[in-house]
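Report on the structure given below.
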Amino acid sequence: MTGSRGNPNLRPFEALQADATLEWYFAPASSLTGAVFYKKVDSFTVTTVTREFVPGFSERFGLFDISQPQNGEDGTIQGFELAYQHAFRFLPAPFDNLGVQLNYTYVDSKTPLVDSITGERLPLPGLSRDSYTLIGYYEDGTFSLRAAYTYRSKYLNSVGGAASGGNTYVDGRGQLDASAQINLTPNVRLTVEGINLTKAIDRQYLGEPDRLTFTAREDRRIFFGIAANF
């Protein structure tokens with residue numbers, strides 16, 4: 001007993017923001033970067049869920065949970081980012097073609113929205129507090145190999161009243177991807193890419209992780225290709 005509708009009165013996202021970045025290039029193809037940011041969000045979009053009677057259906061089916069995008073106001077976002085990249089040129093061949101990339105982002109957001117069950121202020125929808133990526137790679141004139149693990153913590157998906165069970169969250173999730181490339185000639189190369197190699201599961205829940213509302217597993221996907229330049 002669910003439904004959704006649009007909202008022709010939605011305003012565009014608007015924000016005043018400031019950020020500062022410090023970068024240190026300590027070796028060839030290597031760097032350490034730090035950044036801080038602050039955003040005052042004057043308007044944003046949030047999906048709300050309300051229990052309503054739907055004309056023509058309510059007598060038979062009762063109340064429906066209807067989701068609809070709404071205008072939000074006066075949110076704030078603040079946090080920092082860290083990034084590290086290092087090409088291991090100091091190692092003996094062939095290990096001098098190895099390298100790593102890491103990045104981490106912390107986001108703290110607040111809105112006037114209030115959790116109908118706990119009374120706590122809610123963050124902006126769609127923003128994870130913690131997210132990071134770890135990449136390892138090997139690159140030379142013939143081969144290119146890369147593996148990347150990406151993770152983001154839980155985030156608010158939609159705002160619901162106590163009658164509809166509370167707010168919906170998307171659970172934290174990590175995913176492993178990999179790719180490889182072989183240069184057969186200066187103009188022709190073979191490629192292979194693997195997505196979601198660990199078959200990570202998508203989960204959504206109401207308020208607490210044990211109140212599961214949705215779960216799905218996207219199977220791993222493998223792509224093969226050939227590319228040519230003329």
Side-chain angles (χ1 to χ4, degrees), residues 13 15 17 19-24 29-39 41 44-47 75-88 98-111 113 115 120-139 144-159 166-181 191-223:
F13 282 76
Q17 56 188 15
D19 60 80
T21 304
L22 181 63
E23 301 176 348
W24 177 33
S30 303
S31 64
L32 180 63
T33 304
V36 293
F37 55 85
Y38 176 84
K39 306 174 190 289
V41 184
F44 59 93
T45 300
V46 57
T47 300
T76 61
I77 304 172
Q78 57 189 354
F80 64 88
E81 301 173 336
L82 297 173
Y84 171 76
Q85 176 175 317
H86 199 174
F88 299 148
L98 291 169
V100 295
Q101 295 174 325
L102 302 90
N103 62 69
Y104 169 78
T105 302
Y106 171 85
V107 177
D108 180 28
S109 66
K110 292 183 175 64
T111 70
L113 302 172
D115 190 308
E120 299 177 351
R121 291 182 64 181
L122 295 173
L124 266 79
L127 291 182
S128 296
R129 181 178 292 270
D130 302 286
S131 60
Y132 64 85
T133 301
L134 171 61
I135 300 173
Y137 66 88
Y138 175 91
E139 292 182 351
S144 175
L145 306 173
R146 184 175 296 262
Y149 181 81
T150 302
Y151 174 84
R152 65 179 298 184
S153 60
K154 73 170 186 178
Y155 60 89
L156 178 65
N157 188 51
S158 63
V159 178
N167 308 314
T168 301
Y169 293 87
V170 177
D171 205 0
R173 182 180 183 274
Q175 179 171 309
L176 178 64
D177 303 323
S179 63
Q181 176 178 298
T191 62
V192 60
E193 181 179 11
I195 298 177
N196 196 20
L197 297 178
T198 55
K199 298 184 180 182
I201 297 176
D202 296 311
R203 301 176 71 253
Q204 296 182 17
Y205 58 88
L206 281 173
E208 300 294 334
D210 57 354
R211 299 174 63 199
L212 188 67
T213 60
F214 171 85
T215 182
R217 167 178 284 167
E218 290 189 14
D219 207 345
R220 68 169 62 97
R221 288 164 285 165
I222 308 295
F223 299 88

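In what follows, every heavy atom counts, from backbone to side chain, and hydrogens, waters and symmetry copies are set aside. Sequence positions, counted from 1, serve as the residue numbers for this chain.
Going from atom CD of Glu120 over to atom CG of Asn167 covers 10.5 Å, rounded to the nearest 0.5 Å. Atom NZ of residue Lys110 and atom CZ of residue Arg121 lie 7.0 Å apart, to the nearest 0.5 angstrom. For the atom pair CH2 (Trp24) and OG (Ser31), the distance works out to 10.5 Å, reported to the nearest 0.5 Å. With values rounded to the nearest 0.5 angstrom, Asn103 atom CG is found 10.0 Å from Thr33 atom OG1. Note that the CZ atom of Phe214 and the CG atom of Asn157 stand 10.5 Å from one another [nearest 0.5 Å]. Taking CG of Leu156 as the reference point, atom OG1 of Thr111 lies at 8.0 Å (rounded to 0.5 Å).
Here the closest non-hydrogen pair linking Leu145 and Ala180 is CD2-CB, 3.4 Å. For Ser30 against Ala87, the heavy-atom pair with the smallest separation is OG-N, 3.0 Å.
Note that Arg221 lies outside the cation-pi zone of Phe223, set by a 6.0 Å cut-off to the ring centre and a 45° limit from the axis.
The aromatic rings of Tyr132 and Tyr149 sit tilted relative to each other, their planes meeting at an angle between 30° and 60°.
For Tyr205, the ring-ring contact (aromatic ring centres under 6.0 Å, His included) partners two or more places apart in sequence, or in a different chain, are Tyr169. Among residues two or more places apart in sequence or in another chain, the side-chain contact (heavy atoms from CB on, under 4.5 Å) test is passed with Phe88 by His86, Phe90, Leu91, Leu98, Val100.
Proximity of Val36 to Thr21: side-chain heavy atoms (C-beta onward) are nowhere separated by under 4.5 Å. With contacts defined as side-chain heavy-atom distances shorter than 4.5 Å, the pair Arg129/Asp108 qualifies. The shortest side-chain heavy-atom distance between Asp177 and Glu193 does not fall under the 4.5 Å cut-off. Within the 4.5 Å cutoff, no side-chain heavy atoms of Asp19 are placed close to those of Gln17. Here the side chains of Leu176 and Asn196 are not in contact, with every heavy-atom distance at 4.5 Å or above. Between Thr215 and Ile201, some side-chain heavy-atom pair lies under the 4.5 Å cut-off. Counting only heavy atoms from C-beta outward, the side chains of Tyr38 and Thr76 approach each other to under 4.5 Å. For the pair Phe37 and Glu81, the minimum side-chain heavy-atom distance is below 4.5 Å.
With Thr191 contributing its side chain and Gln181 its backbone, the two residues share no donor-acceptor pair below 3.5 Å. Although no hydrogens or angles enter the test, the distance criterion places a donor-acceptor pair under 3.5 Å between the side chain of Thr213 and the main chain of Gln204. A donor-acceptor contact shorter than 3.5 Å links the side chain of Gln85 to the backbone of Ala29. Of the possible donor and acceptor atoms, one in the side chain of Ser153 sits under 3.5 Å from a partner among the backbone N and O of Asp130. Not a single donor-acceptor pair under 3.5 Å links the side chain of Ser109 to the backbone N or O of Ile77.
For the residue pair Arg152 / Ser128, a side-chain donor-acceptor distance below 3.5 Å is found, with atom types taken as modelled.
A salt bridge between Arg146 and Glu139 is present, with a side-chain N of the basic residue lying under 4.0 Å from a carboxylate O of the acidic one. Note on Lys199 versus Asp219: salt bridge recorded, some NZ/NE/NH1/NH2 to OD/OE distance being below 4.0 Å. Arg217 and Asp202 are not joined by a salt bridge, as no carboxylate oxygen comes within less than 4.0 angstrom of a charged side-chain nitrogen.
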Stepwise salt bridge (charged side-chain N to carboxylate O under 4.0 Å, His left out) test for Arg173 and Asp171: CA-CA 6 Å; Arg173 182 180 183 274; Asp171 205 0; over 6 Å; no

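Counting non-hydrogen atoms of other residues, nucleotides and ligands closer than 6.0 Å to CD of Glu23 gives a total above 12.
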